[in-house]
Amino acid sequence: MGSIVPFQDLNLFPELPQTTGAPNPSVVTTTAPPTPFTFLTPKIEPKQEPLDEPIPTLTQTPQQRENFLSSLSNSTPNFLPNSETTPLSTNTSSSNNDQTALYSEYFRISELFRTAFAKRLQKYGDVDVLDPDSQAIVPVPEEQPPEPEPNPERALSVVVSRQNRGRSNELVRVTNLGIEDQRHFRDVVRRTRMMYDALRILAISEEEKRKGPGHGRRARGDLRAAQVMRERGLWLNRDKRIVGSIPGIEIGDIFFFRMELCVMGLHGQAQAGIDYLPGSQSSNGEPIATSIIVSGGYEDDEDSGDSITYTGHGGQDKFSRQCMHQKLEGGNLALERSMHYGIEVRVIRGIKYENRVSSKVYVYDGLYNIHDCYFDVGKSGFGVYKYKLLRIAGQPQMGSAIMRFAESLRTRPLSCRPTGYLSLDMSQTRENLPVFLFNDIDSDHDPVYYDYLRNTVFPPYAFAQGTNITGCECVSGCTEGCICAMKNGGEFAYDHNGLLLRGKPVIFECGINCKCPPTCRNRVSQHGLRHRLEIFRSKETGWGVRSLDIIQAGAFICEYAGVVLTKEQAQVFTMNGDTLIYPGRFSERWAEWGDLSQIFTEYVRPTYPSIPPLDFAMDVSRMRNVACYMSHSISPNVLVQYVLYDHNNFMFPHLMLFAMENIPPLRELSIDYGVADEWNGKLSICN
DNA sequence: GATCTATCAGGCGT
DNA sequence: CACGCCTGATAGAT
């Protein structure tokens with residue numbers, strides 16, 4: 001069960017130096033504070049010789065600090081429904097009489113959040129299964145939006161503006177989430193990210209349709225998607241400012257766009273590197289930092305992973321060169337205040353990633369404490385504020401460190417991990433990239449005994465039926481409106497980067513009878529692996545699969561390959577006790593990919609091109625490929641999409657696997673195999 | 001080609 | 001309301 005711990009933050013210091021008497025020279029009080037407390041805003045402006053000025057800090061006795069910290073850890077008012085009546089313990093170690101009043105003020109936590117939570121608990125009780133249709137707790141307002149949009153395909157351009165509340169000034173920390181809560185929030189995050197990606201790609205393709213291909217600058221789908229979701233009230237965590245980790249977001253999660261971070265509530269600034277609650281909104285007038293992005297934009301940064309020397313912002317010209325002294329204001333002051341109160345900040349690293357042109361990948365690396373803050377001379381000779389951040393111990397391994405490790409594994413696996421490799425290419429060059437086999441926990445080396453299949457083997461009669469495949473005549477690549485686009489319902493299934501736009505019952509890729517080149521945008525899954533995969537042994541899931549490369553959401557991963565059996569063969573094999581795959585039993589996760597029902601009320605899952613229920617079995621007991629080792633999960637990161645390209649027989653599509661989210665390197669891939677008891681609880685088919 | 005630089009269109013938060 | 005900000009895509013240079 002989770003609890004929201006409100007921050008009493010700075011109001012707990014009534015005995016801070018008052019304006020009466022000799023003022024502290026390093027502290028200047030503002031005029032007319034709107035509460036009984038004195039607002040203390042240090043105004044130290046670095047002058048020409050800023051280094052002579054000491055860093056301003058509020059005076060605070062060790063006892064005061066102790067009181068504050070203990071009140072934070074002792075007070076865990078629980079806002080969840082079934083503990084709502086629990087009286088709050090207000091007799092904490094602090095002698096502050098105003099705490100009761102403060103507590104009651106903070107008790108009034110967002111009605112939205114509470115009722116949403118209550119509704120959900122009512123609906124699901126203690127059931128351990130999450131309904132994919134359950135409402136998002138955090139962002140979705142009570143009154144669900146509803147005016148029907150006339151045309152879903154064009155609706156992006158006629159989005160009705162809705163309540164567009166700004167960010168909350170309520171500072172909270174979310175702690176002690178139970179397993180079920182974690183799963184729920186994870187699910188909310190997953191679906192929100194899927195929605196963002198679907199909108200982003202849709203926005204780009206719409207813009208292209210409007211302007212015609214290759215005309216002008218490509219639309220900023222990242223901005224458009226965020227805009228649409230903001231208008232719909234679909235941004236997460238806008239109703240409170242969360243200090244510490246964000247529910248549903250795990251360390252190591254990766255994002256491709258700054259706006260995506262805003263939508264998820266991980267970092268609320270579209271460009272700025274320091275996100276903070278501004279002093280004007282804070283209960284005592286002092287700003288508090290909540291997250292930073294370490295992106296290499298400042299020359300004075302030093303980043304060694306667990307320890308960061310972060311440069312404050314400001315003082316740069318439009319070419320990002322340091323040209324003047326920084327000031328202790330905005331985010332700079334917020335970081336200093338966060339250090340003062342011992343409040344942790346989230347750290348997101350922006351890392352250059354090879355596959356993306358002059359673009360970055362953002363990795364959530366967890367929580368850091370600010371240990372020091374000082375004014376220093378930067379490399380260009382101007383004064384900059386520097387913050388020494390140390391990563392809080394006991395967190396999962398840093399995502400950026402894992403990415404670096406995966407990077408080195410790709411180039412020199414044996415020197416990174418001298419033992420454990422059973423094969424440096426399971427596919428024996430049948431795939432375009434090697435598939436590693438790695439086990440450093442036991443002596444199992446079962447996978448080496450199987451022949452490797454690159455693609456599914458279909459029976460000859462699969463090709464015999466429906467041989468009159470019509471191909472396109474697009475010699476220089478398919479364009480909108482070509483015959484192959486028509487076969488897919490008038491639109492291509494993939495964007496120009498080969499990402500799946502929207503899941504469909506089946507996808508027709510261009511095939512042998514098409515005149516288009518191999519680079520045609522309608523040939524994606526037929527080209528095989530694009531990510532270096534590794535089959536590995538784990539204590540939890542037996543054999544599993546992970547990637548050494550980032551897999552972007554919507555990207556093709558690999559085929560689920562096997563040997564297709566006739567009904568008679570399948571019966572024999574079953575009696576033999578062999579493990580068979582029934583492609584029709586995979587959960588229809590493709591329908592979640594590109595599902596925009598929260599945006600367009602009349603959105604319906606695609607039904608065209610349609611496909612009859614699949615009725616064949618696939619044998620993987622002798623020949624198999626890497627997919628067979630993927631684990632089962634009810635919240636998978638990989639989906640199954642049926643694809644046809646080398647024959648036209650609806651009964652025998654290829655089972656193609658696509659990423660449902662951005663999958664960081666070395667994170668285990670998982671599929672929803674469907675009904676659990678079919679597999680006797682096995683975590684993957686081929687253990 | 002691959003990498004860098006300049007430029008441009010942008011949106012959000014303060 | 002203007003402006004600053006550790007964007008992101010693209011064209012052109014090297």
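Order of the sequence lines sets the chain letters (A, B, ...), proteins ahead of strands, with each chain counted from 1. FYI, side chains are in, hydrogens and waters are out, and symmetry mates aren't considered; it's all heavy atoms of this structure.
A distance-only check finds a donor-acceptor pair linking the side chain of A:Lys379 to the backbone of A:Glu299 [under 3.5 Å]. A:Arg258 contributes a side-chain N or O that, together with a main-chain N or O of A:Gln271, makes up a donor-acceptor pair within less than 3.5 Å. No donor-acceptor distance shorter than 3.5 angstrom exists from the side chain of A:Arg232 to the backbone of A:Gln227, with no hydrogens or angles considered.
The residue A:Gly350 sits apart from the nucleic acid: no heavy atom pair falls under 4.0 Å.
Residue A:Ile351 contributes atom CD1, which lies 18 Å from atom P of C:dC6 at whole-angstrom precision. Distance, A:Lys352 NZ to B:dA2 P: 17 Å, rounded to whole Å. We find that CG of A:Asp222 is positioned 11 Å from P of C:dT10, with the value rounded to whole Å. A:Glu329 has its CD atom 13 Å from the C1' atom of C:dC3, to the nearest Å. Regarding A:Gln552, its CD atom lies at a distance of 13 Å from the C1' atom of C:dG8, rounded to whole Å. If you take CG of A:Asn497 and C1' of C:dT10, they are 14 Å apart, rounded to a whole angstrom. Atom C1' of nucleotide C:dT7 and atom NZ of A:Lys360 are separated by 8 Å, given to the nearest angstrom.
Cation-pi geometry between A:Arg193 and A:Phe255 is met: under 6.0 angstrom from the ring centre, within 45 degrees of the axis.
At the phosphate of C:dC5, neither OP1 nor OP2 sits under 4.0 Å from any side-chain N or O atom of A:Tyr298. Taking side-chain N and O atoms only, A:Tyr310 has no distance below 4.0 Å to OP1 or OP2 of C:dC6.
Side-chain contact of A:Ser547 with A:Asp549: a donor-acceptor pair under 3.5 Å is absent, judged by distance alone.
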Worksheet item: How far apart are the C-alpha atoms of A:Asp197 and A:Trp593, what are their side-chain angles, what is the distance that settles it, and do they pass the side chain to side chain contact (heavy atoms under 4.5 Å, CB included) test?
Response: CA-CA 9 Å; A:Asp197 261 312; A:Trp593 184 253; 4.0 Å; yes
*Are A:Asp306 and A:Leu390 close enough, and set up right, to give a side chain to side chain contact (heavy atoms under 4.5 Å, CB included), and what steps lead you there?*
CA-CA 6 Å; A:Asp306 285 335; A:Leu390 294 179; 6.0 Å; no
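Within residues 312-322 of chain A, the residues that place at least one heavy atom under 4.0 Å from DNA chain C are, in residue-number order, A:His313, A:Gly314.
Under the side-chain contact (heavy atoms from CB on, under 4.5 Å) criterion, A:Ile402 pairs with A:Gln397, A:Leu666, sequence neighbours left out.
A ring-centre distance under 6.0 Å is found for A:Phe556 and A:Phe658.
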Filtered N/O pairs between nucleotides 10-14 of chain B and protein, under 3.5 Å:
{"unit_1": "B:dG10", "atom_1": "N2", "unit_2": "A:Gln271", "atom_2": "OE1", "d": "3.4"}
{"unit_1": "B:dG10", "atom_1": "N2", "unit_2": "A:Gln271", "atom_2": "NE2", "d": "2.1"}
{"unit_1": "B:dC12", "atom_1": "OP1", "unit_2": "A:Arg230", "atom_2": "NE", "d": "3.2"}
{"unit_1": "B:dC12", "atom_1": "OP2", "unit_2": "A:Arg230", "atom_2": "NH2", "d": "3.3"}
{"unit_1": "B:dG13", "atom_1": "OP1", "unit_2": "A:Arg238", "atom_2": "NH1", "d": "2.7"}
{"unit_1": "B:dG13", "atom_1": "O3'", "unit_2": "A:Gln269", "atom_2": "NE2", "d": "3.4"}
{"unit_1": "B:dT14", "atom_1": "OP1", "unit_2": "A:Tyr276", "atom_2": "O", "d": "3.2"}

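Under the Watson-Crick or G-U wobble criterion, with both distances below 3.5 Å, B:dG10 has no partner in any strand shown. B:dT3 is paired with C:dA13 under the criterion used here, namely a Watson-Crick or G-U wobble arrangement in which both key atom distances are under 3.5 Å.
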